[in-house]
Amino acid sequence: MIMKQTQIFIPTLKEVPSEAQIPSHQLMLRSGLVRGLASGVFSFLPLGYKVIKKITELLREEMDAIGGQEFLLPALNPIEIWEQTGRVEAMGDVMFHIKNRPGLVLAPTHEEIITFHASKHIQSYKDLPQIWYQIQTKFRNEPRPKSGVLRGRQFTMKDAYSMDTTWEGLDISYQKHYDAYCKTFNRVGLKFFVVGASSGAMGGSKSQEFMVESNSGEDTCAVCYDCGYSANVEVASSGITPVGKIDNCPTIEEFATPNSKTIDDLVRDFNLDSNHCAKSVVYMYDSKPILILMRGNDELNETKLEGILKTNNFRAAEGHELADFTGANAGSIGPVNLKTNIRIIADNLLKGANGLVSGANKDGFHFKNIDIDIDCKIEEYYDLRTVVSGEPCPNCGKELKVVKAIELGHIFKLGTKYSEALDAKFLDEDGQEKVIIMGSYGIGVERVMACYLEQNFDEKGIIWNKELTPYDIHILPLNMHRTPEVESAAFKLYDELTAAGFKVMIDDRNETAGVKFNDADLLGFPMQLIVGSKNLANNQVELKYRRSGERVYVPINELVEKIKNEYV
RNA sequence: CGGGGCAUGGCACAGUCCGGUUAGCGCGUCUGGUUUGGGACCAGAAGGCCGCAGGUUCGAAUCCUGCUGCCCCGACCA
């Protein structure tokens, strides 16, 4: 069948539907790739499904290349298997439960099912290692679906699982996936970076996330594009210079600050350097107070604090608690002259600092010329602050960028959590029974598409590349319906290009040139072939490259060869 | 789950505060004609139980109550 635009279902929209907030969602709707069906649930229309199929094919190629074997596991799962690993409880409300068949749940991921099958059939070390993967629909009852296809209740995931006999084997399998993921995302044409991550409810040891920088993202990461350092801002550090000592600093002295409640007030009223204004924040943990001393303009990172306190059971102290423990209200609290004996920790940047200004624990008064070594009782110094954009990279010293990011893929060293729970064992060379050592590796298929769109569009519409585009070439015959020579030339080119292996769509609609140009730019296939009577008179057609906008006039008999050479 | 916003032809919106014949505009769609290299013009047309259910009223898109759905912020997020 000839791919005539009049016969292909591509419901484009001139205006942006009000429900779409982010570029990828707007573009998907406007160019007729998807339609929303319910919150977090989407239908893929023919053009969008072509893109999905291209992504999944690419994923298959890269998974097969590392020895992966494709499965198709059911989305409908017996709850018993999930109970054995304790994840019914761990997943909580995220897992959909079937109401009129209480023994069944909808799978939010597939570690359990893979391990179940492994436990039945993997018997010997000779059966290992294995890499099993699938591309399948997942169901998660997200509390708040958002950002179009980025966070849905139903989505497609390429999930892979490795099974090894040893931890060294797991390292190898993990590295294979790491490399395969880099290759995949490079082929797709995404700018991405990798960050270390916590494994959360998945269990296991090491895990890394593949991230794409985007304002639509839900994670915040610090990235250095020079040396490749990257980390979630929850754990990121920077190479910023400590406050340090100044020479000939006078001794500590109290002074009245009646109108200075905040660091900014102090800086303004007394012409101070905010870096020398030490900020004190008081937290309560396990019913005990702790005073945290930081540079005045720094923000406390609660994830880091959680690591230090070894509990997530903490909160900022309330007003009356501040007065009870320190002797002053917020705005005049400091590490010196505290009413009660409380634990004090400080940020690394303050180590050895002097000349500091901080609250006097007496409303309306501060101390100046504080020497932290002489005047304070700091129990320990830690990295407590949140990294800010522009600070030096802790690795190479170049500028660090703090960016929002979308999580595209996640790789885990699972270990034996699932194989132990589901009794997936094998006999080793010595006849010893051992537990299979597993890894788990996921990529969100729709997210690949959305991330690509977030990175590849302009005011006119989408800019597809060869790897993902639904069609390679868009033929735009102008005034085709009244100029037979245009029509015959356009269809002849269609045949030749198709025969040469390209996916071609021909805009045979009876529309004006402007309409065709604008729709072609919106749909964004890499090349547009404009066939008009003027150029045809010179035996030429116009070739427009969507990404650069460049147009060249090509003799018809050279066209196929030219495209073959260029489009690789 | 907490907070906020929205719901009127396919899309984007006005009308709602202050109730009153046939609910309006732009885009899109259909018909005819004129156009024809960047969303063209003229003429005509189709398409709405104004989210759903109750209530108030002589009369409800408009006021009241309940419900549902969608979007945003937060919480949450293998």
Side-chain angles (χ1 to χ4, degrees), chain A residues 9 11-22 25-26 29-30 32 35-42 82 85-95 107-112 138-148 150-153 155 157 159 161 197-204 207 209 216-219 232 234 302 312 406-407 409-412 414 417-418 440-444 447 459-461 476-483 486 507 509-523 528-537 541-542 544 549 551 553:
Chain A
F9 181 62
T12 59
L13 260 25
K14 221 179 235 185
E15 289 176 275
V16 180
S18 52
E19 82 231 34
Q21 313 289 323
I22 65 168
H25 192 195
Q26 294 175 345
L29 292 174
R30 285 226 297 137
R35 283 295 181 266
L37 184 64
S39 185
V41 184
F42 291 85
W82 287 84
T85 58
R87 284 175 106 200
V88 175
E89 203 183 3
M91 291 278 175
D93 214 31
V94 168
M95 187 145 75
T109 172
H110 279 86
E111 281 78 12
E112 277 76 0
K138 308 287 190 223
F139 296 90
R140 291 183 192 179
N141 185 19
E142 293 291 346
R144 180 152 92 90
K146 57 187 272 201
S147 306
L150 280 178
R151 179 167 289 278
R153 294 207 167 111
F155 59 97
M157 181 185 268
D159 48 320
Y161 307 89
S198 85
S199 20
M202 289 289 288
S207 102
E209 290 172 330
S216 312
E218 300 177 326
D219 294 86
N232 195 302
E234 292 179 347
E302 293 200 344
N312 59 4
I406 298 165
E407 179 190 345
H410 204 160
I411 56 179
F412 295 90
L414 283 182
K417 172 179 162 135
Y418 298 92
S440 153
Y441 317 89
I443 291 179
R447 283 188 178 183
E459 64 287 346
K460 286 288 195 176
L476 310 179
L478 305 184
N479 304 319
M480 187 182 92
H481 293 264
R482 53 172 49 225
T483 34
V486 167
D507 187 351
R509 297 174 303 165
N510 187 11
E511 291 287 358
T512 59
V515 173
K516 292 192 179 192
F517 292 152
N518 281 312
D519 274 346
D521 286 344
L522 173 62
L523 296 184
Q528 295 168 16
L529 202 54
I530 298 152
V531 184
S533 49
K534 284 180 203 164
N535 291 313
L536 221 46
V541 289
E542 181 180 339
K544 176 182 163 184
R551 302 152 180 277
Y553 300 91

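Order of the sequence lines fixes the chain letters, A, B, ..., with proteins taken first and strands second; residue numbering starts at 1 for each chain.
Atom name C1', nucleotides B:G5 and B:G24: the rounded distance is 24 Å, in whole Å. A gap of 46 Å separates the P atoms of B:G39 and B:A75, to the nearest Å. Nucleotides B:G51 and B:A14 are separated by 14 Å at their P atoms, to the nearest Å. For the P atoms, the distance from B:G28 to B:C70 is 30 Å, rounded to whole Å. Annotation: B:G37 and B:C41 have their P atoms spaced 15 Å apart (nearest Å). B:A61 and B:C49 have their P atoms separated by 13 Å, with the value rounded to a whole Å. Separating the P atom of B:C27 from that of B:C18 is a span of 34 Å, rounded to the nearest Å. The P atoms of B:G15 and B:U62 are separated by 15 Å, rounded to the nearest whole Å.
Across the strands present, B:U36 finds no partner; the criterion is a Watson-Crick or G-U wobble pair with both atom distances under 3.5 angstrom. Applying the Watson-Crick and G-U wobble criteria (two distances, each under 3.5 Å), B:C18 pairs with nothing in any strand. B:C25 is unpaired under the Watson-Crick or G-U wobble criterion, no partner having all donor-acceptor distances under 3.5 Å. Taking a pair to require two hydrogen-bonding distances under 3.5 Å in either a Watson-Crick or a G-U wobble arrangement, B:C50 remains unpaired. With both pairing distances under 3.5 Å, B:U31 is matched to B:A43 as a Watson-Crick or G-U wobble pair. When both distances must be under 3.5 Å, the Watson-Crick or G-U wobble mate of B:U57 does not exist. A 3.5 Å limit on both hydrogen-bonding distances identifies no Watson-Crick or G-U partner for B:C77. When both distances must be under 3.5 Å, the Watson-Crick or G-U wobble mate of B:U68 is B:A7.
Shown here are the side chain to side chain donor-acceptor pair (under 3.5 Å) partners of A:D159, two or more places apart in sequence or in another chain: A:Q134, A:K138, A:Y161. Remark: A:N479 pairs with A:R482, A:T483 by the side-chain contact (heavy atoms from CB on, under 4.5 Å) rule, at least two apart or across chains. The side chain to side chain donor-acceptor pair (under 3.5 Å) check on A:N518 picks up A:K460, with sequence neighbours excluded. With sequence neighbours excluded, the residues that form a side-chain contact (heavy atoms from CB on, under 4.5 Å) with A:P11 are A:F9, A:R35, A:L45. Not counting sequence neighbours, the partners of A:T85 by the side chain to side chain donor-acceptor pair (under 3.5 Å) test are A:E112.
For B:G28, one of the phosphate oxygens OP1 or OP2 lies less than 4.0 angstrom from a side-chain nitrogen or oxygen of A:K14.
Side chains of A:V515 and A:R509 form a contact here, defined as non-hydrogen atoms less than 4.5 Å apart. Side-chain contact between A:S39 and A:R144: absent, with no pair of heavy atoms (C-beta onward) separated by less than 4.5 Å. Counting heavy atoms from C-beta on, the side chains of A:L478 and A:I530 come closer than 4.5 Å.
The nearest whole Å value for the distance from the CG atom in A:D93 to the P atom in B:A75 is 18 Å. A:R482 has its CZ atom 12 Å from the P atom of B:G33, to the nearest Å. Separating the CG atom of A:N518 from the P atom of B:G37 is a distance of 14 Å, rounded to the nearest angstrom. Atom CD in A:E15 sits roughly 12 Å away from atom C1' in B:C25 (whole-Å rounding). Note: CD1 (A:I530) to C1' (B:U36) measures 15 Å, nearest angstrom. Taking atom CG of A:N510 as the reference point, atom C1' of B:U31 lies 14 Å away to the nearest angstrom. Atom CE of A:M95 and atom C1' of B:C77 are 16 Å apart (whole Å). To the nearest angstrom, P of B:U35 lies 18 Å from CD of A:E511.
Each of A:D519 and A:P17 has a nearest nucleotide on RNA chain B; the 5'-most of these lies closest to A:P17. Nearest-nucleotide assignment on RNA chain B puts the 5′-proximal partner with A:N479, out of A:N479 and A:T512.
The existence of a salt bridge linking A:E111 and A:R87 is confirmed by a sub-4.0 Å separation between a basic side-chain nitrogen and an acidic carboxylate oxygen.
Contact annotation for A:V16: backbone-only contact, meaning every heavy-atom pair under 4.0 Å involves sugar-phosphate atoms and none involves a base. Residue A:L478 is in base contact, counting any heavy-atom pair closer than 4.0 Å across all strands shown. Using a 4.0 Å heavy-atom cutoff across all strands shown, A:D521 reaches at least one base atom of the nucleic acid. A:K460 comes within contact range of at least one nucleobase, with a heavy-atom separation under 4.0 Å. The residue A:N141 sits apart from the nucleic acid: no heavy atom pair falls under 4.0 Å. Counting any heavy atom pair closer than 4.0 Å across all strands shown, A:F155 reaches a base atom. Nucleic acid contact for A:M480: none, since no nucleic acid atom lies under 4.0 Å from a heavy atom of the residue.
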Between protein and nucleic acid, restricted to nucleotides 66-74 of chain B and to nitrogen or oxygen atoms under 3.5 Å apart, what atom pairs and distances do you find?
from, atom 1, to, atom 2, distance (Å)
B:C70, OP1, A:S39, N, 2.6
B:C71, OP2, A:S39, OG, 2.7
B:C71, O2', A:Q21, NE2, 3.0
B:C73, OP2, A:R144, NH1, 3.2
B:C73, OP2, A:R144, NH2, 2.9
B:C73, N4, A:R144, NE, 3.4

For this session: Would you please test A:R151 and A:R447 for side-chain contact (heavy atoms from CB on, under 4.5 Å) and show each step?
Result: CA-CA 8 Å; A:R151 179 167 289 278; A:R447 283 188 178 183; 3.9 Å; yes
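In the set B:U36, B:G37, B:G39, B:G37 carries the atom at the smallest distance from any side-chain atom of A:K534.
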